[in-house]
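Shown next, in structure tokens, is the structure this report addresses.
In listed order, ligands and their atoms are each counted from 1. We count residues from 1, following the sequence as given.
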Amino acid sequence: MTFSPKRYSEPNKAAENTCRPFGIYIHWPYCKSKCPYCDFFSQVKPHINQEAIIDEYIKELDFYYDYTAREEVTSIFFGGGTPSLIKPQLIEKIINHIARHWCISPKVEISLEANPNTDDGTLFLNLKSAGINRLSLGVQSLNDKDLKFLGRTHTLSQALKSIDHVLKTFDNHSMDLIYARPNQSLKSWQEELQQAVSFGFKHLSLYQLTIEEGTFFAKKGIKELEEEIAANMYRQTVSYLREHNYPRYEVSNFASSQYESRHNKLYWQGDNYIGIGPSAHGRIQTQAGKIYATTHPCQMENLSPQDRAEELLFMGLRLQTGIDKTLYLNRCGIPLDSFINQPALARLSKMHLIDNTQTHLKLTDKGFLVMNTIVEQLICPE
Ligand SMILES: C[S@@+](CC[C@H](N)C(=O)[O-])C[C@H]1O[C@@H](n2cnc3c(N)ncnc32)[C@H](O)[C@@H]1O
Ligand code: SF4
């Protein structure tokens, strides 16, 4: 990877500490193998120079430091790809570098996404020593047949071992599963869900399988589960998890409030964050209200208030609590009520799809099932 930082001409120290959350996302784009459903930017490269890549990441961090020096870091997230392939001493090097530069919140959340196929029995202990305090394990399925179908290279027995290791090593943990797989029945998903709950993870991320253009599944003609069946699975998931102390706080994320992913909430709430590594991006809002969209490597572009208003709308409605109208105005300078299409809002409220109060705009349970259509209608000028 070559590094060619393009310095932005604005004066530095643009973002002042506003006592709001600030996160750092580190993207590791390498995996052991490519899963047939995945369209995330990831590559299978067995021989890479990890040390050299991490040195480039550190240069990228230094670039963004100039613009975010006064922020207090509330979360760091190692995502991928498969960041559990990074040598733990290099994870530690990055965390230490961040801590030497920025102020770190005493309650900082430092998450890493791990694949069971990278767990050698000592991995999680080493990651914990390196500074990781929240582990998110990509299990995806709790039966061997579907693990194989999903192209995962771990078996159920390896997944169960990793689950045990994660639960014994960390106090804060999450598990990812993919459901609405072809031929999956409501009954078998219910059983898997029960098993998932029984492990005692603090957080669950449950995604419906989507067939993304360009993936192996798309080329093979694999179809998503019929919409009505998938919607029933979603309803069942939300209500079962609600009864078992995993309330939905975002479309696909479930946890009690103290274990919500602080880092991912940054995106949905429109807080500041920087992204390091290929395919990472960031958002920096200055005290003067300017918003920069950052992309790899070290590119910063002005984001118009309209574009910002639109992204805050579709990100914010993903949250169970919806959009806080005061925060919305602070984040883009446009009042939510003047940005959205009022006749559409009235129609959607009458249909009980959306709940509009003085302070918040949020989806109802029914609304969550048709979120994309709702957002389109609210944005459309008509
Ligand atoms: C970027 S992946 C990285 C996690 C890690 N490499 C792994 O595979 O476990 C994050 C999560 O997105 C979900 N995901 C990726 N592609 C998906 C798809 N096409 N449909 C549903 N969920 C998907 C998976 O649950 C995965 O754990
Ligand atoms: S799902 Fe995870 S392991 Fe599989 S290719 Fe995507 S990022 Fe890599």
Contact check, side chains of V166 and I163, non-hydrogen atoms, under 4.5 Å:
no

Hey, can you tell me if W28 and Y57 have their rings parallel, tilted or perpendicular (30° and 60° cut-offs)?
perpendicular

Can you classify the ring geometry of F22 versus W102 as parallel (below 30°), tilted (30 to 60°) or perpendicular (above 60°)?
tilted

Sequence-distant partners of K187, side-chain contact (heavy atoms from CB on, under 4.5 Å), two or more places apart:
S185, E191

Polar contact flag, side-chain donor to acceptor under 3.5 angstrom, R248-N253:
no

Tell me which residues fall inside the under-4.0 Å heavy-atom shell around ligand 1.
Y37, F40, G80, G81, T82, E113, N115, G138, Q140, R152, D176, I178, Y207, Q208, L209, T210

If only side-chain N and O atoms count, and only distance matters, is there a donor-acceptor pair under 3.5 Å linking N117 with T153?
yes

If you compare F41, Y37, W28, Y30 by their heavy atoms, the one closest to atom 1 (S) of ligand 2 turns out to be Y37

d(Y67 OH, N272 CG) to nearest 0.5 Å is 14.5 Å

At less than 2.8 Å, how many protein N/O/S atoms surround atom 4 (Fe) of ligand 2? Leave waters out.
1

Could you list all the ring-ring contact (aromatic ring centres under 6.0 Å, His included) pairs where at least one residue sits in residues 122-157, not counting sequence neighbours?
F149-F217

Element-labelled atoms of ligand 2 that are located less than 4.0 Å from some non-hydrogen atom of G81:
7 (S)

Go through the side-chain N and O atoms of Q285 and R20 and say whether any donor and acceptor fall under 3.5 Å apart.
yes

Would you give the length of the straight line joining atom NZ of K128 to atom CD1 of I132, rounded to the nearest 0.5 angstrom?
12.0 Å

